[in-house]
Amino acid sequence: MAEVVIAESREVASALAAEAILHQIRSKPKFTLGVATGDTPVAMYRDLASLAEEFGIDLQNLNAFALDEYVGLEPTDPRSFSSALQENFVKVLGLDPAQLHVPQVAACNLSTSGRDFERSIAAAGGIDLQILGIGSNGHIGFNEPGSSLASRTRVTMLADTTRRDNAVFFAESEDVPQHSVSQGIGTILEARHLVLLAFGVKKESAIAAAIEGPVTSACPGSAIQLHPWVTVFLDRESANSLQEKDYYLGAWENKMESLSWRLSP
Ligand code: F6R
């Protein structure tokens, strides 16, 4: 069962997630981190930077792999995941841009992009820790409902709900790409540790389905139940529909201090 941490706010949840991630990074000099795009992890990336500085944790040997990228946007397009991660992750953490790897989405690369990306992950020794958000429809990466739980990195089609949810980043809703290259669910499950973050009422039902529902391709996020090491960070709103609250950790309770992944100097 996942370790589920319910914090009183998204700010507290983000800071705790950053601590859990840095705790792992500190334990392995050459660490490979899987990174998610979207709104959810942005504050956590800032917390990673400030806590790494506070605790003197070196990030220069970090290797990062994106979960996914839109097909049809240039990597330099500000709406691409490549640009968003350079801005919200690479720059914020003071990394070299070459430390981030994003799936290739140029038309000429599409047939081999998934295989090539998986090869580079393997060449880096596999992903030590994968950061995940979740879509309001339960997607992880851009593995939409119906995706095989064994899927690998490939071209995927975006669901209408996802295109609507992401339309805020585009001038016209028709401009939202129809496809992505996304790590598959099988690929994601090979990371040694999964850290899922979800905030806000919009994620409430996806979180209940992912954590407490049946394991089914109808909710790709439910695949986390197949993984032996998962940590989930929620705020109260996203946790609202969870039934088994007795099994989860409330970050407002004192027991948080004794968790094994809290940072100490
Ligand atoms: C991002 C990704 C998506 C997002 C999800 C939540 O790389 O693969 O699965 O994590 O759509 O997006 P936000 O965080 O914007 O709510």
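On a predicted model such as this, the values are computed, not experimentally measured, just so you know. For the numbers below, each heavy atom of this structure counts, side chains included, while hydrogens, waters and symmetry mates do not. Both counts, for ligands and for their atoms, begin at 1 and track the order of listing.
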Chemist: What distance do Thr32 atom OG1 and Gln130 atom CD have between them, rounded to the nearest 0.5 Å?
Modeler: 11.0 Å
Chemist: Could you work out, with side chain to side chain donor-acceptor pair (under 3.5 Å) as the rule, every residue matching Asn88, not counting sequence neighbours?
Modeler: none
Chemist: Applying side chain to side chain contact (heavy atoms under 4.5 Å, CB included), name anything that partners Ser222, two or more places apart in sequence or on another chain.
Modeler: Val215, Thr216, Cys219, Gln225
Chemist: Is there a donor-acceptor contact under 3.5 Å linking the side chains of Glu204 and Ser238?
Modeler: no
Chemist: Students should find this: residues with any non-hydrogen atom under 4.0 Å from ligand 1. What is the answer?
Modeler: Ala36, Thr37, Gly38, Asp39, Thr40, Leu67, Asp68, Phe81, Gly133, Ile134, Gly135, His139, Gly141, Lys203
Chemist: Just wondering, are more than 12 heavy atoms of other shown residues or ligands nearer than 6.0 Å to CZ in Phe55?
Modeler: yes
Chemist: List the residues meeting side chain to side chain donor-acceptor pair (under 3.5 Å) with Arg154, not counting sequence neighbours, and say none if there are none.
Modeler: Asn143
